[in-house]
Amino acid sequence: MLDLLRAIYEEHGRGIRLALVTGLVVLGIAIAAGAALLAAKHGALEPPSGTGAEGGTPLTATQLEAVEAYGTKETEFVRALERWCWVGADATTKVTFADNAYTISSGNQILSSGRMAVTALDGPSIDLEAGQASDDATPTVASLLLDDGSTAIITITKSFDGGTGTLTLESKSLGGQALLVSSMRPVSEVSVSGLDGGQLDAIDEGASAVLAEHVGAYVRDTYPTATSASWDAGVTIDYEAKTMALSFMLDDARSTVLPVVYHMESDTCTFEGVM
């Protein structure tokens with residue numbers, strides 16, 4: 001009997017060991033996935049990403065040290081900065097924050113940009129969704145360590161009008177210039193409407209989705225006060241060049257009409273002069 005068991009093991013033992021190893025690997029992956037789901041479900045806070053290792057300009061050693069030391073207050077502050085599109089009174093100057101970096105632009109021109117890290121923070125939360133607290137009039141002041149080792153001070157105040165909250169950011173040193181900008185809309189929220197009727201997809205399959213993505217991104221980056229772009233339902237098709245020419249109406253203060261040329265072969269868009 002023992003000789004029979006030994007023969008069976010020698011013949012099939014390798015397969016048994018392989019099955020055990022495979023099972024352990026699958027179990028490990030499942031445990032890791034479960035841990036990630038739990039973290040997402042319970043909203044575990046981590047410092048904002050973007051150390052520069054992904055291919056951009058890296059944080060300096062001092063900046064990285066500051067980011068890694070963020071507590072909940074600093075993390076929530078930076079996330080709130082990144083959430084909003086900050087726009088000047090001229091409706092052209094725009095400041096955005098993302099991945100531990102800032103960008104100051106005017107139209108399509110970048111005026112200044114660089115990495116940053118919060119090194120000091122004092123004042124109430126700047127989360128407008130939390131509602132109007134008793135200390136809303138108290139400004140929030142933050143020190144930002146910039147790439148060149150200098151410090152920029154930004155001051156943010158809350159104001160409410162009919163229940164609608166606005167944040168105002170002021171700085172005399174961020175990007176080497178004086179800034180006075182207000183939160184206009186969440187960075188990612190530009191809706192593109194009028195494309196869901198299927199007319200364009202009947203001409204070129206998938207055109208509506210491509211246009212919605214490209215127009216939304218272009219309007220978000222170029223027209224900081226606009227929150228929506230609506231197709232006027234007109235289209236001119238050039239079958240030889242394989243293009244569609246369309247126009248979108250923006251809801252900015254100027255009611256901008258944005259001409260767009262969609263290239264059917266490459267699934268790309270070009271944006272020319274506004275009307």
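Throughout, residue positions are numbered sequentially from 1 according to the sequence presented.
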Open item on the list: So which atom in F97 and which in L81 form the shortest heavy-atom distance, rounded to 0.1 Å?
Closed with: CD1-O, 3.7 Å
Task: Partner set under side-chain hydrogen bond (donor to acceptor under 3.5 Å, both in side chains) for S173, not counting sequence neighbours - done: none
Task: side-chain contact (heavy atoms from CB on, under 4.5 Å) partners for T225, two or more places apart - done: V87, A91, M184, D252
Task: Residues forming a side-chain contact (heavy atoms from CB on, under 4.5 Å) with K242, sequence neighbours excluded - done: M264, E265
Open item on the list: Could you report the tightest heavy-atom contact between M249 and S255, atom names first, then the distance?
Closed with: SD-O, 3.4 Å
Open item on the list: Let me check something: do Y218 and V261 share a hydrophobic cluster, defined by ILVMFWY side-chain heavy atoms less than 4.5 Å apart, either directly or through other members?
Closed with: no
Open item on the list: Show the nearest heavy-atom pair for residues G194 and W231, with the distance to one decimal.
Closed with: O-CE3, 3.0 Å
Open item on the list: In this structure, would L174 and L111 fall into the same cluster of hydrophobic residues linked by side-chain contacts under 4.5 Å?
Closed with: yes
Open item on the list: Please give me the minimum heavy-atom distance between T140 and P124, naming the atom from each residue.
Closed with: OG1-O, 2.6 Å
Task: Gap between atom CZ of F248 and atom CG of D232 - 0.5 Å precision - done: 8.0 Å
Task: Under 3.5 Å: donor-acceptor pair, side chain of E68, backbone of E65 - done: no
- [ ] Please report the closest heavy-atom contact between D147 and Q63, naming both atoms and the distance.
- [x] N-NE2, 3.4 Å
Task: side-chain hydrogen bond (donor to acceptor under 3.5 Å, both in side chains) partners for S183, two or more places apart - done: none
- [ ] Flag yes if more than 12 heavy atoms outside Q177 fall under 6.0 Å of its CD atom; otherwise flag no.
- [x] yes
Residues 199-210, side-chain donor-acceptor partners within the protein, below 3.5 Å, at least two apart:
unit_1	atom_1	unit_2	atom_2	d
D201	OD1	G206	N	3.3
D201	OD1	A207	N	3.1
D201	OD1	S208	N	3.0
D201	OD1	S208	OG	3.3
D201	OD2	S208	OG	3.4
D204	OD2	Y262	OH	2.9
S208	OG	L195	O	3.0

TODO: Would you give the length of the straight line joining atom CD of Q109 to atom OG1 of T92, rounded to the nearest 0.5 angstrom?
DONE: 11.5 Å
Open item on the list: Quick check for you: to the nearest 0.5 Å, what is the distance between T57 atom OG1 and D99 atom CG?
Closed with: 12.0 Å
TODO: Give the minimum heavy-atom separation between A212 and V192, together with the two atoms involved.
DONE: O-CG2, 3.6 Å
TODO: Would you please name every residue forming a side-chain contact (heavy atoms from CB on, under 4.5 Å) with L180, sequence neighbours left out?
DONE: T168, E170
Open item on the list: Is there a path of hydrophobic side-chain contacts, each under 4.5 Å between heavy atoms of I/L/V/M/F/W/Y residues, joining L169 to W84?
Closed with: yes
